[in-house]
A.B. asks: 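Okay, here's the structure, questions in a sec.
By convention in this document, chain letters (A, B, ...) are assigned in the order of the sequence lines, proteins followed by strands, and residues within each chain are numbered from 1.
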2 protein chains.
Amino acid sequence: MKHLPHKTIERLSQYRRALLICLDKGQTHIYSHEIAKIQHITAVQVRRDLMLIGYTGTLRKGYNVKELIELIGEIIDSQEGINVAIIGMGNLGRALINYFAGKRSHLKIVASFDINPDKIGNTMSGVPCFSSDDMGKIIPEKNIKVGIMTVPAEFASQTTDALVKAGIKGILNYTPKPVTVPKEVYLEEYDMITSLEKVAFYVKLNEKEEE
Amino acid sequence: MKHLPHKTIERLSQYRRALLICLDKGQTHIYSHEIAKIQHITAVQVRRDLMLIGYTGTLRKGYNVKELIELIGEIIDSQEGINVAIIGMGNLGRALINYFAGKRSHLKIVASFDINPDKIGNTMSGVPCFSSDDMGKIIPEKNIKVGIMTVPAEFASQTTDALVKAGIKGILNYTPKPVTVPKEVYLEEYDMITSLEKVAFYVKLNEKEEE
DNA sequence: AGAAATTTGTTATTTTTTTCACACTGTTAG
DNA sequence: CTAACAGTGTGAAAAAAATAACAAATTTCT
Ligand SMILES: NC(=O)c1ccc[n+]([C@@H]2O[C@H](COP(=O)([O-])OP(=O)(O)OC[C@H]3O[C@@H](n4cnc5c(N)ncnc54)[C@H](O)[C@@H]3O)[C@@H](O)[C@H]2O)c1
Ligand SMILES: NC(=O)c1ccc[n+]([C@@H]2O[C@H](COP(=O)([O-])OP(=O)(O)OC[C@H]3O[C@@H](n4cnc5c(N)ncnc54)[C@H](O)[C@@H]3O)[C@@H](O)[C@H]2O)c1
């Protein structure tokens, strides 16, 4: 396999989640158009993605749910698992830790960091909170590869620098402040305001078109 | 102007945020490559986007920060503003309401909904919480156009249906459960697990390539 | 004043992503 | 048994997005 399109990676993760639900319901096989419907895309797109990862279904029966889940896992998960930290135990950080903790086995949240002394030393959803000053020590020690950044925007840059210095390999930045990392660190930024403004834009557009 | 690429819309929102920060700092002009650097894209891309919205900068001086902010506002905001509701006042819902409330003037969070009697009747960050049973009444009454969905995944579908029935025009779904809406409703889904898995994937990939 | 440097605006090109179109093949109904 | 059907797999085409290339214009330097 050469290299998978960016978008395919995202969709594979989404397919898997849909498939896990099907598996729970006891469904053994699924058609490309069923997956497509769930994800609001076309069946061809699904088949193409699966072609890219080299999975081939059964003619007229569709894809084997269990097999496909496993294959997607082989592609997008790393066997050893990846340790993750959340930096900034505020509203968003707490929501995330609650949500993620114990969900995905290969993505383990093993630490959180904050500067507020009231938070340092506590444990939340089984995840201990350390002082941000100790990132340089804890991150290599716990073999943390990925950091989810939920500090106030004004601390985004300095936190990023500290993470990079501590040897982090990937950052998911939920701060609205774009940050910069060296090219060996993978950076993903997501801004909720952008999503909301986008929805608002298309709502407005639809309304205009109706006139 | 014909129609702007999907991606351009997202970037415009991001440019604006970057520009607002510049404005605060007293910067009056900005070059395309400065904007580009902040957003991790190329200067050509920025110039192209601005070309699409018909903004033209000053040669050798760059773009007028204030003017550009205003133009972007004219393009992506609706003058009357858009009223927004959050459905599901759990961890994520509360984080969002705290975060959004009073941030963007044209996007006003005017209501929240929940089924938990302890939450109904309360006010958070100035936003009143109503019973989800009343969505059909409150949404048209308060002229709410967009709903941010943060209910537990298992309630995603029924909440969506209720929102659509109440006349909502756009939904931002933060639930990991994909939902279906009629085509006149704009739907945006975002799944944090997908983002995290994507980061993990590329981290793993980078490590492999280093070998 | 003229040359060099810098930045915009836009056309053309390339790359990436999506969709089309259709061959192929089990399955089912008659 | 066979024809119609319903699905997969994939090369080719189209569409969308990003990048390159460069003319034009303004500032700055000499
Ligand atoms: N709350 C949301 O729904 C939401 C949505 C989108 C984006 N965001 C962004 O996420 C970030 C956090 O939002 P929030 O609502 O949780 O804010 P918050 O103020 O509730 O939490 C911030 C936390 O970070 C800690 N902190 C401050 N400086 C730090 C540092 N240098 N190192 C480590 N921790 C530090 C604070 O002690 C606090 O616990 C902000 O940048 C915000 O813009 C939040
Ligand atoms: N917490 C996170 O960081 C996070 C991250 C990504 C996605 N999510 C998703 O967001 C959703 C909410 O997460 P959370 O952590 O806030 O969960 P939560 O359990 O803390 O909150 C859910 C809230 O929704 C309310 N609710 C339940 N049924 C409802 C209904 N029919 N109508 C209106 N309100 C209803 C509950 O009373 C509760 O207040 C979940 O689907 C979760 O998967 C959460």
A.B. asks: Let me confirm one number: the OH-CG distance from Tyr63(B) to Leu50(B), rounded to the nearest 0.5 Å.
C.D. replies: 5.0 Å

A.B. asks: In whole Å, what is the span from the CG atom of Asp49(A) to the P atom of dT19(C)?
C.D. replies: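 Taking atom P of dT19(C) as the reference, CG of Asp49(A) is at 11 Å.
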
A.B. asks: Below 3.5 Å, does any donor atom in the side chain of Arg48(B) face an acceptor in the base of dA18(D), or the other way round?
C.D. replies: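 In this structure, the two groups form no donor-acceptor pair.
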
A.B. asks: Rounded to the nearest Å, what distance is computed from the CD1 atom of residue Ile41(A) to the P atom of nucleotide dC20(C)?
C.D. replies: 14 Å

A.B. asks: Could you check how far NZ of Lys7(B) sits from C1' of dT15(C), rounded to whole Å?
C.D. replies: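 Between C1' of dT15(C) and NZ of Lys7(B): 13 Å.
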
A.B. asks: Once you round it to whole Å, what is the distance between P of dT28(C) and CG of Leu59(A)?
C.D. replies: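 Going from Leu59(A) (CG) to dT28(C) (P), I get 12 Å.
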
A.B. asks: Quick one, Leu12(A) and Thr8(A) - any side-chain contact, counting heavy atoms below 4.5 Å?
C.D. replies: yes

A.B. asks: Once you round it to whole Å, what is the distance between P of dG9(D) and NZ of Lys61(A)?
C.D. replies: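 About 15 Å, once rounded to whole Å.
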
A.B. asks: Within the 4.0 Å heavy-atom criterion, would you say Thr8(A) contacts the bases, only the backbone, or no part of the nucleic acid?
C.D. replies: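 Nothing, no nucleic acid heavy atom in range.
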
A.B. asks: Does the gap between the ring centers of Tyr202(B) and His6(A) come in under 6.0 Å?
C.D. replies: yes

A.B. asks: Measure from the side chain of His6(A), starting at C-beta and using heavy atoms only, and say which of dT17(C), dG7(D), dT11(C) lies closest.
C.D. replies: dT17(C)

A.B. asks: Rounded to whole angstrom units, what separation is found between the CD atom of Gln39(A) and the C1' atom of dT18(C)?
C.D. replies: 16 Å

A.B. asks: Picking from dA18(D), dG9(D), dT17(C), which would you name as closest to the side chain of Tyr63(A)?
C.D. replies: dG9(D)

A.B. asks: Of Arg47(B) and Val44(A), whose closest DNA chain C nucleotide lies nearer the 5' terminus?
C.D. replies: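 That would be Arg47(B).
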
A.B. asks: Glu10(A) has an atom CD; how far is it from atom C1' of dT18(C), in whole Å?
C.D. replies: 15 Å

A.B. asks: For dA17(D), does OP1 or OP2 lie under 4.0 Å from any side-chain N or O of Gln45(B)?
C.D. replies: no

A.B. asks: Does some side-chain heavy atom of Glu188(A) sit less than 4.5 Å from a side-chain heavy atom of Lys198(B)?
C.D. replies: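 Yes; the side chains approach each other to less than 4.5 Å.
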
A.B. asks: How many Å lie between NE2 on His33(B) and P on dG9(C), as a whole number?
C.D. replies: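 Nearest whole value for this atom pair: 14 Å.
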
A.B. asks: Specify the closest pair of heavy atoms between Met89(A) and Asp114(A), including all atoms of both residues, with the distance to one decimal.
C.D. replies: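 Minimum heavy-atom separation between Met89(A) and Asp114(A): N-OD2, 2.7 Å.
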
A.B. asks: At less than 4.0 Å, is any side-chain N or O atom of Tyr31(B) found next to OP1 or OP2 of dT27(D)? Yes or no.
C.D. replies: no

A.B. asks: Assess whether one donor atom and one acceptor atom, taken from the side chain of Arg60(B) and the base of dT7(C), lie less than 3.5 Å apart.
C.D. replies: no

